[in-house]
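Protein chains get the first letters and strands the later ones, always in sequence-line order, with residue 1 at the start of each.
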Number of protein chains: 2
Amino acid sequence: MASRLQAELKKKKPFDSPEQEAALSLLRTADLVQVRFARLFRGHGLTPSQYNILRILRGEGKPLPILEIASRTITVVPGITGLIDRLEQAGFLARKRCEKDRRVVYVELTTKGIRVLGELDQPLLELHRNMLGHLSATELGTLIGLLEKARSALAEGAGDA
Amino acid sequence: MASRLQAELKKKKPFDSPEQEAALSLLRTADLVQVRFARLFRGHGLTPSQYNILRILRGEGKPLPILEIASRTITVVPGITGLIDRLEQAGFLARKRCEKDRRVVYVELTTKGIRVLGELDQPLLELHRNMLGHLSATELGTLIGLLEKARSALAEGAGDA
DNA sequence: TGTAATTAATTGACATGTCAACTAAATGCT
DNA sequence: AGCATTTAGTTGACATGTCAATTAATTACA
C-alpha cells in the first residue's frame, strides 16, 4: 500500500526515500499545528509570532531588549521591529529606551498584554490536548526524542557541505 | 534534567505538558528543515513554494488547472495567483486558458522549468540524507507513523469544538 | 429563456519572513 | 582627542500566506 501522506498530497509517485517521506510529513504536520494555533490566537487579535513575543516577556518577568527577544524566536532581526511596532500599536506592550546605553530599546508588557496572555492559557492547554492528546505518554516521549535527534543534524551550520 | 528543547529556546519554565513540548518541538524542527530547503532552492532562483509547484506539475506530467495545483499545496487559493505570476515571469512555466471552459487557466512547465527541476534532483536527495540520514530505517518508520497519527486529529475541521 | 447560484481565478489589504543597506550610539586603539 | 570597528535597531524591497471582495464564465432550474 502506498503511504497515507502520499494520498493526502495526491502524489502520483511514491517517495524517493524514507528520509523524504519523513521530512515532508514533518512539514505537513507542523503546518496543520500552526494553523490551529493561528485560529485560536486570531480570536484574541494576535498572530502566532505576536503571541510568542508576549509569552517570552511574561516568562522572563521583566522587560527585555529587542535583540534578546529576537534571539529567542525564529524571527530574524529586521522582522522583530514591525512585530513590536504592531504590538505596541495595539497596546500589548511598550518600548522604553535604555538610559545607560541609548542604542538599546527595552520592551515591556502592559496590563492589557498580561491580560490577553491570561485569557489564552486555558484554551491553549485544551488545544494541545486536543491536537496531540490521542498519543500516549510513551508515544509523545518517542516523538519528542526522535525530533530532538533530527534537530541534532539541523543545528545552525551543521553539515553545511 | 530539563529538556533540551527548553534549553534551545532559553525557556525559563518547563513545558506545561508533554503535548506542548511535542508541538513546539515539531514546529521548531520543521522550521529548521524548511530553512535548509530554502537555502538550496534559493541557489537556483526558486523559493520552496515555487519549487513545490514545479514539482507537482512534473509529477503529473501534463498541464494542470490553477485550482488543482492549489488543492495539492498548503497555499491558499489567492496566494497561488502571485506565485504563478512570478514563475511565469521567470520563464519556468506558462499559462494557457482552457478553450472548453474559459474560466479555467491551465499551467504548463516550460523547458526551463523542467531543466531547473532536473538540476535539483540530486542535491535534494543529498539534502534529505544529510538532514535525516542519521536516523535508522526503524526510527524513520516510527517517526513517520507518529506524525501520521498526530495528523489524524489535525485534519481539516477535526475536533473543532 | 432568463435569472440566481456556483465556480475559477484575480485583486487588494495586511502580517510575516528574509535580505541588504542604513543610522546612531558605544568601544577600541593609537 | 580622533578615527575605525562593533553593536542595537530600523528601513526598504520583495515573496509568501491569509482574508474579504470582485470579475467572469458556467450551470441550475423555474
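Among the atoms of the strands shown, only primed sugar atoms or phosphate atoms (P, OP1, OP2) are found under 4.0 Å from some heavy atom of B/R95. Residue-level contact check: B/T81 touches the bases, meaning some heavy atom is under 4.0 Å from a base atom. Residue A/R97 is out of contact with every strand shown, counting any heavy-atom pair closer than 4.0 Å.
Comparing A/D85 and A/D101 along DNA chain D, the residue whose closest nucleotide (by nearest heavy atom) sits nearer the 5' end is A/D101. Along DNA chain C, the nucleotide nearest B/G82 and the nucleotide nearest A/R86 are compared for position; the residue whose nucleotide lies closer to the 5' end is B/G82.
Whole-Å rounding puts the A/Q89 CD to C/dA15 P distance at 10 Å. Distance B/F41 CZ to D/dT16 P: 12 Å, rounded to the nearest Å. One can place CD of B/E88 at 13 Å from C1' of C/dT10, the figure rounded to the nearest angstrom. Between the C1' atom of D/dC19 and the CD1 atom of B/I80 lies a distance of 16 Å, rounded to the nearest Å. D/dT23 atom C1' lies 15 Å from atom CD1 of B/I66, rounded to whole Å. Atom CD1 of A/I69 and atom P of D/dG9 are 9 Å apart (whole Å). For the pair B/R103 CZ and C/dT10 C1', the computed distance is 14 Å after rounding to whole Å. Remark: C1' of C/dG17 and CG of B/L27 are 16 Å apart, rounded to the nearest angstrom.
One hydrophobic cluster, built from ILVMFWY side chains closer than 4.5 Å, cannot hold both A/L67 and A/Y106; they sit in different ones.
Taking all atoms of both residues into account, the shortest heavy-atom contact from B/A23 to A/H128 is CB-CD2, 3.8 Å.
Under the 4.0 Å criterion applied to side-chain N and carboxylate O atoms, B/R95 and B/D85 are assigned as salt-bridge partners.
The aromatic rings of B/Y51 and B/F41 sit parallel to each other, their planes meeting at less than 30°, with 60° as the upper class boundary.
Put simply, B/S49 has a side-chain N or O that comes within less than 4.0 Å of OP1 or OP2 on D/dG17.
No side-chain heavy atom of A/I114 sits less than 4.5 Å from a side-chain heavy atom of A/R58.
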